[in-house]
Amino acid sequence: MNKEVKMTDIALEAEKLREQEAVGENAAHPQNGIDEAGEARQTSEPKEPQIDYQAKFKEAQDLYLRTHADFENAKKRLEKDKAMALEYAYEKIANDLLPVIDTLHAALKSAQQEGSEAVCQGLELTLQKMHEVLAKHGIECVECDLEFDPNLHNAIMQVQADGQEEGQIVEVFQKGYKYKERLLRPAMVSIAKNN
């Protein structure tokens with residue numbers, strides 16, 4: 001029995017020596033994926049790419065700056081639109097008053113043809129006051145001097161006019177009006193055509 005214990009001890013020692021040699025070979029030649037600590041290495045998987053945090057930061061900063069600039073531009077545009085809306089607040093009521101003024105002008109013309117002096121005077125005073133109130137709020141008549149301006153006048157006909165140059169305004173059929181810098185309605189005119 002003693003011999004069997006000795007044989008077993010010798011066999012165990014031999015086994016330990018073989019394991020130590022195998023561990024030494026693995027440390028010197030790590031071919032099978034086991035390092036010195038006995039842990040398996042993953043040599044077949046590719047390494048994770050390095051993340052460039054500086055580039056990501058600059059990209060996020062650039063995106064922030066662009067978004068902020070877009071927001072500021074939208075804010076300025078809204079403020080400008082609001083200011084324009086307030087500045088031209090009377091435009092709608094001015095457009096609604098133009099037919100009333102046209103009617104007063106037609107009544108004045110009719111009264112002049114009939115020769116009713118008192119009615120003519122009353123209508124002239126009414127139109128004068130109406131134009132003063134409109135001018136106070138920035139609404140003025142479009143000038144219909146001799147020169148035709150397609151931005152301000154609408155030529156509805158061409159007439160033969162010997163005393164005027166071609167393209168000059170001969171007659172005004174309907175007055176035009178502008179509100180500050182905006183044209184509410186172009187003046188309807190006839191222009192000279194001398195062929």
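Residue numbers start at 1 and run along the sequence shown.
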Close side-chain approach of [X] to [Y], heavy-atom, < 4.5 Å:
| X | Y | answer |
| --- | --- | --- |
| His68 | Leu65 | no |
| Gln112 | Leu108 | yes |
| Leu98 | Leu184 | yes |
| Lys178 | Ile139 | no |
| Leu127 | His105 | yes |
| Glu79 | Met84 | no |
| Gln158 | Ser190 | no |
| Glu171 | Phe173 | yes |

More than 12 heavy atoms of other residues, nucleotides or ligands under 6.0 Å from [atom1] of [X]: is that the case?
| X | atom1 | result |
| --- | --- | --- |
| Glu124 | CD | yes |
| Ile93 | CD1 | no |
| Lys180 | NZ | yes |
| Glu72 | CD | yes |

**OP:** Please work out which of the three classes, parallel, tilted or perpendicular, describes the rings of Tyr90 and Tyr179, given edges at 30° and 60°.
**Re:** perpendicular
To the nearest 0.5 Å, what is the distance between [atom1] ([X]) and [atom2] ([Y])?
| X | Y | atom1 | atom2 | value |
| --- | --- | --- | --- | --- |
| Cys144 | Met188 | SG | CE | 11.5 Å |
| Cys120 | Gln113 | SG | CD | 10.0 Å |
| Lys129 | Glu132 | NZ | CD | 4.5 Å |
| Gln121 | Thr126 | CD | OG1 | 11.0 Å |
| Asp62 | Phe57 | CG | CZ | 11.5 Å |
| His131 | Ile101 | NE2 | CD1 | 5.0 Å |

Where the side chain of [X] meets the backbone of [Y], is there a donor-acceptor pair that is under 3.5 Å apart?
| X | Y | result |
| --- | --- | --- |
| Thr103 | Pro99 | yes |
| His153 | Asp149 | yes |
| Gln168 | Glu165 | yes |

Original post:
Which pair of non-hydrogen atoms, one from Gly167 and one from Phe148, has the smallest distance, and what is that distance?
Top reply: O-CB, 3.1 Å
Run the salt-bridge test on [X] and [Y] with the 4.0 Å N-O cut-off and return the result as yes or no.
| X | Y | result |
| --- | --- | --- |
| Glu166 | Lys193 | no |
| Arg185 | Asp102 | yes |
| Asp81 | Arg77 | no |

Subject >> Stepwise side chain to side chain contact (heavy atoms under 4.5 Å, CB included) check, Asn151 with Leu183 >> reply: CA-CA 9 Å; Asn151 297 317; Leu183 184 67; over 6 Å; no
